[in-house]
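Structure first, commentary second.
The structure displayed is predicted, hence computed values, not measured ones. Numbered from 1 within each chain, the chains take letters A, B, ... in sequence-line order.
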Protein chains: 2
Amino acid sequence: MTTTRTGPAGAGRQLRADARKNIAAIIDAATDCLARDPDASISEIAKAAGVGRVTLYGHFDSRATLVAAVVDRAMAEAESVLGAVDLDGDPVDALRRLVAATWEVSARYGALVVAAERTLADDEMVAAHAGLRDRAVGFLERGRAAGHFRDDLPVQWQVTLLHTVTHAAATAVHNGELTAEDAPLAITTAVLGATTPPGAPVPDA
Amino acid sequence: MTTTRTGPAGAGRQLRADARKNIAAIIDAATDCLARDPDASISEIAKAAGVGRVTLYGHFDSRATLVAAVVDRAMAEAESVLGAVDLDGDPVDALRRLVAATWEVSARYGALVVAAERTLADDEMVAAHAGLRDRAVGFLERGRAAGHFRDDLPVQWQVTLLHTVTHAAATAVHNGELTAEDAPLAITTAVLGATTPPGAPVPDA
């Protein structure tokens, strides 16, 4: 047996490799399950991951801890996707690209947005989105300083609106109130309304 | 003693009167406490109502049940206030009045909006707002039919946006991200962005 041949250190390494493999399988399965059903249970997730409930609870002490881990990984991917969005050039075009990419990355995770809002505390949601917020604030502040975006409302509110409306659109698609195709337009119209300077016509969404 | 003189029927009546008085005091106290602190505990609410915890739990079996009762009463008041908003005449002016009144009635309840979103299930929130939604849908549909509002997005989404952005503004005011004075402008810009027909300039908020 491998564990006998390689001794206790090797056994420990094997155990850690198994644990890592299980954790990865659980997070993958949870991401898939929650994308389809925001109320997916621990039993369903364990089954989809091919592990037992005891193994799952050995790694994640509660459903909320698991949802938080799934959200953390999703946000890391979101930061990577949104970090690649070109925010230079015409600020209104850049805002359209930011909204479209924000929607695209949200849509990829389906109902996970709904699961996160039901499960995580407000401060956990804020912490998970901190990286995305900082980048959006920097972009909007440049556009405000140059007179492209209205600056008579707090920039933090404008970013909150982008976040809130994107999540509301994801929930509306989950509920069948909005189609996924209409979602980018639905988000863009609201965000452009809240950023276009007073008196200027809102650009076409 | 009154109860002896009036017999069992009178005693029952007295008991019911006391219960009604306690329930009213508890709902009043919970409304005040939750408006200030969305995490206000049952103990704090019982103390503010001048009743014991046992009495409170005799009427409301959980904090969630109490929050639901407070929300139901608040929504009844909201329906009465918003039902008085004149939605005739120029639809854009009427939309401004509807947004302003929606904000005003939300602001009156302070952090209760935050407490409700943390405590109630999604379907409870939807049910609580059904009356308000129906009226807003009717108003927006008339404006869409007359070409005043964009009709390339679902009317249900436009109402969801009004609801979501109003609640987000209430939360932002609670968090200190937005001032109460700026909130009507913050909501109106987003809602006008989502309702103004494509190509038309968004009216001044």
| Most chain A-contacting option - heavy-atom pairs closer than 4.5 Å, from B:Leu185, B:Leu178, B:Val165, B:Val191 | B:Leu185
| A:Leu153 side, atom CG; A:Leu140 side, atom CG - distance, nearest 0.5 Å | 11.5 Å
| message | Among A:Ala186, A:Ala121, A:Ala169, which residue has the highest count of heavy-atom pairs closer than 4.5 Å to chain B? | response | A:Ala186
| task | List in chain and number order the residues that pass side chain to side chain contact (heavy atoms under 4.5 Å, CB included) with A:Ala48, two or more places apart in sequence or in another chain; answer none if no residue qualifies. | result | A:Ala29, A:Cys33
| message | Could you go through B:Leu95 and B:Phe139, starting from their C-alpha distance and side-chain angles, then the distance that decides it, and tell me whether this counts as side-chain contact (heavy atoms from CB on, under 4.5 Å)? | response | CA-CA 9 Å; B:Leu95 182 58; B:Phe139 162 66; 3.9 Å; yes
| message | Using the rule given for side-chain contact (heavy atoms from CB on, under 4.5 Å), can you reason through A:Phe60 versus A:Ile27, listing the C-alpha separation, both sets of side-chain angles and the distance that settles it, and then say yes or no? | response | CA-CA 10 Å; A:Phe60 301 96; A:Ile27 292 185; 3.9 Å; yes
All donor-acceptor atom pairs under 3.5 Å, backbone and side chain, chain B-chain A:
from     : atom 1 : to       : atom 2 : distance (Å)
B:Arg118 : NE     : A:Asp122 : OD2    : 3.2
B:Arg118 : NH2    : A:Asp122 : OD2    : 3.0
B:Asp122 : OD2    : A:Arg118 : NE     : 3.1
B:Asp122 : OD2    : A:Arg118 : NH2    : 3.0
B:Thr160 : OG1    : A:Glu177 : OE1    : 3.2
B:Thr160 : OG1    : A:Glu177 : OE2    : 2.5
B:Glu177 : OE1    : A:Thr160 : OG1    : 3.2
B:Glu177 : OE2    : A:Thr160 : OG1    : 2.5
B:Gly199 : N      : A:Asp204 : OD1    : 3.4
B:Asp204 : OD1    : A:Gly199 : N      : 3.4

| Rounded to the nearest 0.5 Å, what separation is found between the CD1 atom of B:Ile42 and the CG atom of B:Leu56? | 4.5 Å
| message | Quick check on the interface: out of A:Ala172, A:Ala194, A:Pro198, who has the most heavy-atom pairs with chain B under 4.5 Å? | response | A:Ala194
| request: Can you see which heavy atom on A:Ala74 is nearest to which on A:Leu112, and at what distance? | output: CB-CD2, 4.0 Å
| Distance from A:Leu82 atom CG to A:Leu132 atom CG, nearest 0.5 Å? | 5.5 Å
| Contact summary for B:Leu98 and B:Ala136, nearest pair of heavy atoms | CD2-CB, 4.5 Å
| Quick one: what part of B:Leu161 sits under 4.5 Å from any heavy atom of chain A, side chain, backbone, both or neither? | side chain
